[in-house]
K.L.:
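Structure provided below as structure tokens; questions to follow.
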Amino acid sequence: MNNLKNLRGTVDLLPDQLIKWQNVEKIVLEQLARASINEIRTPILEMTELFIRGIGEGTDVVSKEMYTFIDRGERSCTLRPEGTASVARALIQNGMLSNHPLQKLWYMGPMFRYERPQAGRQRQFHQLGVEFIGYDSVRSDVEIIALAWDILGKLGIKELNLEINTLGDLSDRLNFQKSFLKWLEINKNSLDLDSQNRITKNPLRILDSKNAQTQNALKNAPRLFNFLSEKSHKRYSHLKKNLEILKIPYVENFNLVRGLDYYTHTAFEITSGALGSQATVCGGGRYDDLIKQMGGPNTPAIGFAIGLERLILLAGKELEIPRNTDIYIINQGLIAESLAMDLSRKLRNYDLLVELDLSGASFSKQFKKANKLKSKSIIVIGDDEAVKGEFIIRLFDQSGNGNEEEVISFENDIDLEKWINNNLLVK
RNA sequence: GCGGGCGUCGCCAAGUGGUUAAGGCAGCGGCUUGUGGCGCCGCUAUUCGGGGGUUCGAAUCCCCUCGCUCGCCCCA
């Protein structure tokens, strides 16, 4: 029995911790609803092919981090490592792009990547993703960045850094890649080993290598920014201007590439120093070619994902406080216990947190329990009350001073409601 | 995949070779069988992540292994 354990990189979320999760999720979902974004749910398990084609074979995520296995029907299946590819697939497959070319969608759920766990990183983790499908205007880029920024702001998270970059469109990138590859051939030896390996696999990724030696060498390399078309340049400066109008502070990072192949034009990341080495809480960008590449109609899109574990880490302690019990029902005796159960059901029609003591323990014990839970009030039903068809109700404040008891008949809903309104529902 | 740190009760922890493994919190029971916060009393690890070895004797030393954690890489 003792050797049954959860798998490495997975965690049990226990009731105490879930208070914070639920509070954070509530705020996030409210914000999404207000921006009139609709939910979409796709399977956690997909064909492996989807991610190879969607994310890109040369990426780290696909080449070494996927949970892939052969199922009983000999299909290669993969636990999703991210959400965008699935959403794109679902939209194409369900013909949603011809009927509703414009849509704003969100999803939330577990993702899986086989990596070494560390602070802010698990093998099963959770993401909130937002995708604006069919939108190509700069304003949609701005709106989605603002949305991410505001969600973090609503949670009271301070000291965030927004980094932005532009990757241009496909032809910008090809032009750049040509001369970048030439430079890489010549300067190969001044790069670190990882980066050398990427020359053939995924050269763009070399740009955001964190190796100091490589970063130093890259200072003399051609810059993607200089290969952007006039149109791409304009798009990017328009984006910056809009962010300034909205007073969203940003930092340009020309080396921000992002690890998934599908990004075009705008790429952005929001980081926090409070997270340790896994500093990114939100990452996103535009992916105008993905849906077409996956066999759908030519559909521009932009999206982001927020890592929920990291979000929880950043969110304030005030979200960890549980709601106190409003009424604790102390009860003992055969008839009393039935009456108590009936009363507890009645009380749950109000916006109250009601706990019925089921222990059958002594009154003294039940009072202690009510006190431990910091219940705002108590109801007492014993044999005496049961016989008379009434119960005792009273406030139960922490000072321990005797509050006035009130006796109410089980039939008298009007007095009960009055008491609740006067004592519990008013601030 | 590669480095560093760590593993004693549900939680926090003392103990670094000698025969009963401190203490605190939480939990349970009692003082007080129908009225709470405080207090007092009692109970709660045959065992120190697991396995092997050294020794008369190990939680303490050695080896292996598992796990956790932090960092590299990468990402949310």
Side-chain angles (χ1 to χ4, degrees), chain A residues 2-3 5-11 14 16 55 59-65 81-84 108-130 148 152 192-195 197-198 202 205 208-212 214 256-260 268-272 275-284 303-314 328 330-333 336 357 359-375 377-386 392 394-403 405:
Chain A
N2 279 335
N3 47 21
K5 280 191 196 157
N6 63 314
L7 285 167
R8 180 151 213 218
T10 66
V11 296
L14 303 175
D16 281 357
I55 302 171
T59 61
D60 281 19
V61 169
V62 170
S63 65
K64 54 186 201 195
E65 294 173 4
E82 58 103 51
T84 303
M108 187 152 70
M111 306 290 164
F112 301 83
R113 292 183 200 174
Y114 193 92
E115 298 178 271
R116 195 77 174 263
Q118 72 187 71
R121 187 167 79 191
Q122 294 161 199
R123 289 181 175 178
Q124 178 181 339
F125 62 104
H126 298 80
Q127 281 189 341
L128 162 74
V130 176
L152 298 167
D192 65 288
L193 223 63
D194 269 344
S195 296
N197 288 329
R198 289 209 176 92
N202 200 347
R205 282 225 51 79
D208 69 355
S209 162
K210 279 163 192 150
N211 185 284
T214 299
L256 179 67
V257 172
R258 310 208 41 77
L260 314 174
F268 67 97
E269 231 172 71
I270 300 174
T271 60
S272 164
L275 280 173
S277 86
Q278 306 303 312
T280 305
V281 64
C282 174
F304 68 77
I306 288 178
L308 292 183
E309 280 77 6
R310 293 179 190 176
L311 195 60
I312 298 291
L313 247 34
L314 291 173
Y328 194 91
I330 292 166
N331 62 112
Q332 197 189 49
D357 192 307
S359 68
S362 70
F363 277 73
S364 157
K365 286 264 180 301
Q366 295 192 39
F367 269 91
K368 280 182 178 158
K369 188 74 195 292
N371 188 60
K372 190 153 289 171
L373 289 176
K374 298 192 165 80
S375 183
S377 68
I378 52 161
I379 283 176
V380 182
I381 310 170
D383 291 334
D384 297 352
E385 289 75 24
I392 294 167
R394 74 162 217 239
L395 283 174
F396 199 65
D397 72 46
Q398 296 304 297
S399 70
N401 294 328
N403 289 290
E405 284 186 355

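No hydrogens, no waters, no symmetry mates; every other heavy atom, side chains included, goes into these values. We name chains A, B, ... by the order of the sequence lines, and we start the count at 1 in each one.
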K.L.:
Of A:Y114 and A:E269, whose closest RNA chain B nucleotide lies nearer the 5' terminus?
P.N.:
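Result of the comparison: A:Y114.
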K.L.:
Is it true that A:E115 and A:R121 make a salt bridge, defined as a side-chain N closer than 4.0 Å to a carboxylate O?
P.N.:
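Judged by the 4.0 Å cut-off on N to carboxylate O distance, A:E115 and A:R121 do form a salt bridge.
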K.L.:
Provide the distance between the two C1' atoms, one in B:rC41 and one in B:rU60, to the nearest whole Å.
P.N.:
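Taking atom C1' in both B:rC41 and B:rU60, they lie 35 Å apart.
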K.L.:
With salt bridge (charged side-chain N to carboxylate O under 4.0 Å, His left out) as the criterion, how do A:R198 and A:D60 come out once you've worked through the C-alpha distance, each side chain's angles and the decisive distance to 0.1 Å?
P.N.:
CA-CA 10 Å; A:R198 289 209 176 92; A:D60 281 19; 3.6 Å; yes
K.L.:
For atom C1', what is the distance between B:rG15 and B:rA59, given to the nearest Å?
P.N.:
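Those two atoms are separated by 8 Å.
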K.L.:
Between A:I379 and A:I330, is any pair of side-chain heavy atoms under 4.5 Å apart?
P.N.:
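No, side chains not in contact.
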K.L.:
Counting Watson-Crick and G-U wobble pairs only, both distances under 3.5 Å, name the nucleotide matched with B:rG36, or none.
P.N.:
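Checking every strand shown, B:rG36 finds no partner, since no pair has both distances under 3.5 Å.
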K.L.:
Using the P atoms only, state how far B:rG27 lies from B:rG67, rounded to an integer number of Å.
P.N.:
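B:rG67 and B:rG27 have their P atoms separated by 34 Å.
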K.L.:
Any strand counts, and the cut-off is 3.5 Å on both contacts for Watson-Crick or G-U wobble. Which nucleotide pairs with B:rG27?
P.N.:
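Pairing partner: B:rC43.
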K.L.:
Among B:rG34, B:rG36, B:rC75, find the nucleotide with the atom closest to the side chain of A:F367.
P.N.:
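From the listed options, B:rG36 comes nearest.
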K.L.:
Who is the Watson-Crick or G-U wobble partner of B:rG1, with both distances under 3.5 Å?
P.N.:
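WC or wobble partner is B:rC72.
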K.L.:
Taking the same atom, C1', in B:rU54 and in B:rG1, what whole-Å distance lies between them?
P.N.:
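These two C1' atoms come out 35 Å apart once rounded.
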K.L.:
What is the separation between atom CD on A:E309 and atom C1' on B:rC75, rounded to the nearest whole Å?
P.N.:
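Distance, rounded to whole Å: 13 Å.
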K.L.:
Give A:G382 one of three labels, base, sugar-phosphate or nothing, depending on what nucleic acid heavy atoms sit under 4.0 Å from its own.
P.N.:
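Base contact.
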K.L.:
How far does the P atom of B:rA26 sit from the matching atom of B:rC40, given to the nearest Å?
P.N.:
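Going atom to atom, P in each nucleotide, I get 12 Å.
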K.L.:
Please report the distance separating the P of B:rA22 from the corresponding atom of B:rA14, rounded so that it comes out in whole Å.
P.N.:
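Each nucleotide's P atom is 15 Å from the other's.
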K.L.:
Roughly how many Å is it from CZ in A:F125 to P in B:rC74, rounded to a whole number?
P.N.:
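About 16 Å, once rounded to whole Å.
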K.L.:
Using the P atoms only, state how far B:rC61 lies from B:rC48, rounded to an integer number of Å.
P.N.:
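Straight-line distance between the two P atoms is 15 Å.
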K.L.:
Mind checking who B:rU20 pairs with, Watson-Crick or G-U wobble, both distances under 3.5 Å?
P.N.:
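For B:rU20, the partner nucleotide comes out as none, under the 3.5 Å rule.
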K.L.:
Does any nucleotide pair with B:rA58 by Watson-Crick or G-U wobble geometry, both distances under 3.5 Å, and what is it?
P.N.:
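With both distances under 3.5 Å required, B:rA58 matches none.
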K.L.:
Roughly how many Å is it from CZ in A:R123 to P in B:rG1, rounded to a whole number?
P.N.:
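Value for this atom pair: 8 Å.
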K.L.:
Give a yes/no answer on whether the side chain of A:S362 brings an N or O atom under 4.0 Å of OP1 or OP2 in B:rG34.
P.N.:
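Affirmative; the distance criterion is met.
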K.L.:
To the nearest Å, how far apart are A:R394 CZ and B:rG34 P?
P.N.:
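Between P of B:rG34 and CZ of A:R394: 15 Å.
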K.L.:
Tell me the interatomic distance from A:D357, atom CG, to B:rU35, atom C1', rounded to whole angstroms.
P.N.:
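That distance rounds to 13 Å.
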K.L.:
Expressed in angstrom and rounded to an integer, what is the separation of A:D192 atom CG from B:rC2 atom C1'?
P.N.:
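After rounding, the gap between these two atoms is 14 Å.
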K.L.:
What nucleotide, of B:rG67, B:rU35, B:rG36, holds the atom closest to the side chain of A:E405?
P.N.:
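The nucleotide sitting nearest to the side chain is B:rU35.
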K.L.:
Please report, rounded to the nearest Å, how far the C1' atom of B:rU35 is from the CG atom of A:N331.
P.N.:
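Rounded to the whole Å, the gap is 14 Å.
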K.L.:
Side chains of A:Q118 and A:S277: any donor to acceptor distance under 3.5 Å?
P.N.:
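Checked: A:S277/A:Q118 side chains pair up, N/O donor to acceptor below 3.5 Å.
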K.L.:
Taking all non-hydrogen atoms of both residues into account, name the closest pair between A:I378 and A:V380 and its distance.
P.N.:
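That would be CD1-CG2, 4.0 Å.
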K.L.:
Report all interatomic pairs (protein N or O, nucleotide N or O of nucleotides 25-29 of chain B) with separations under 3.5 Å.
P.N.:
residue	atom	partner	partner atom	Å
B:rG27	OP1	A:K372	NZ	3.1
B:rG27	OP2	A:K372	NZ	3.4

K.L.:
Name the nucleic acid region contacted by A:I330, choosing base, sugar-phosphate or nothing; use a 4.0 angstrom heavy-atom cut-off, strictly under.
P.N.:
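The residue A:I330 makes no contact with any strand.
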K.L.:
Do the charged groups of A:R205 and A:D194 touch, with an N to O distance under 4.0 Å?
P.N.:
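Looking at A:D194 together with A:R205, the answer is no, because their closest N to O distance does not fall below 4.0 Å.
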K.L.:
Report the distance from atom CZ of A:F396 to atom C1' of B:rU35, rounded to the nearest whole Å.
P.N.:
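Rounded to whole Å, this separation is 8 Å.
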K.L.:
Who are the ring-ring contact (aromatic ring centres under 6.0 Å, His included) partners of A:Y114, not counting sequence neighbours?
P.N.:
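By the ring-ring contact (aromatic ring centres under 6.0 Å, His included) rule, A:Y114 matches A:Y67.
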K.L.:
Check every strand shown and say whether A:R205 touches a base, only sugar-phosphate, or nothing at a heavy-atom separation below 4.0 Å.
P.N.:
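Sugar-phosphate contact only.
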K.L.:
Which atom names give the shortest non-hydrogen contact between A:N331 and A:D357, and what distance separates them?
P.N.:
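A:N331 and A:D357 have their closest heavy atoms at ND2-O, 2.9 Å.
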K.L.:
Return yes if some donor-acceptor pair links the side-chain N/O of A:S375 with the main-chain N/O of A:Y328 below 3.5 Å, else return no.
P.N.:
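Indeed, once roles are kept as given, a pair shorter than 3.5 Å links the two residues.
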K.L.:
Between B:rG5 and B:rU44, how many Å separate the two P atoms, rounded to a whole number?
P.N.:
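Between the two P atoms, the distance is 38 Å.
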K.L.:
Please check if the side chain of A:Q127 supplies one atom and the backbone of A:G109 the other of a donor-acceptor pair under 3.5 Å.
P.N.:
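No, because the side chain of A:Q127 does not come within donor-acceptor range (under 3.5 Å) of the backbone of A:G109.
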K.L.:
Tell me which nucleotide, if any, is Watson-Crick or G-U wobble paired with B:rA13 when both distances must be under 3.5 Å.
P.N.:
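Base-paired to nothing in any strand shown.
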K.L.:
At under 4.0 Å between heavy atoms, how does the protein contact nucleotides 68-73 of chain B? Give one character per nucleotide, 5' to 3', with B, S or -.
P.N.:
SBSBBB
K.L.:
So, A:T280 and A:E269: side-chain donor and acceptor under 3.5 Å apart, yes or no?
P.N.:
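There is such a pair (donor and acceptor under 3.5 Å, judged by atom type) between the side chains of A:T280 and A:E269.
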K.L.:
Which label fits A:F396 and A:F367: parallel for a plane angle under 30°, tilted from 30 to 60°, or perpendicular past 60°?
P.N.:
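Answer is tilted, since the angle falls between 30° and 60°.
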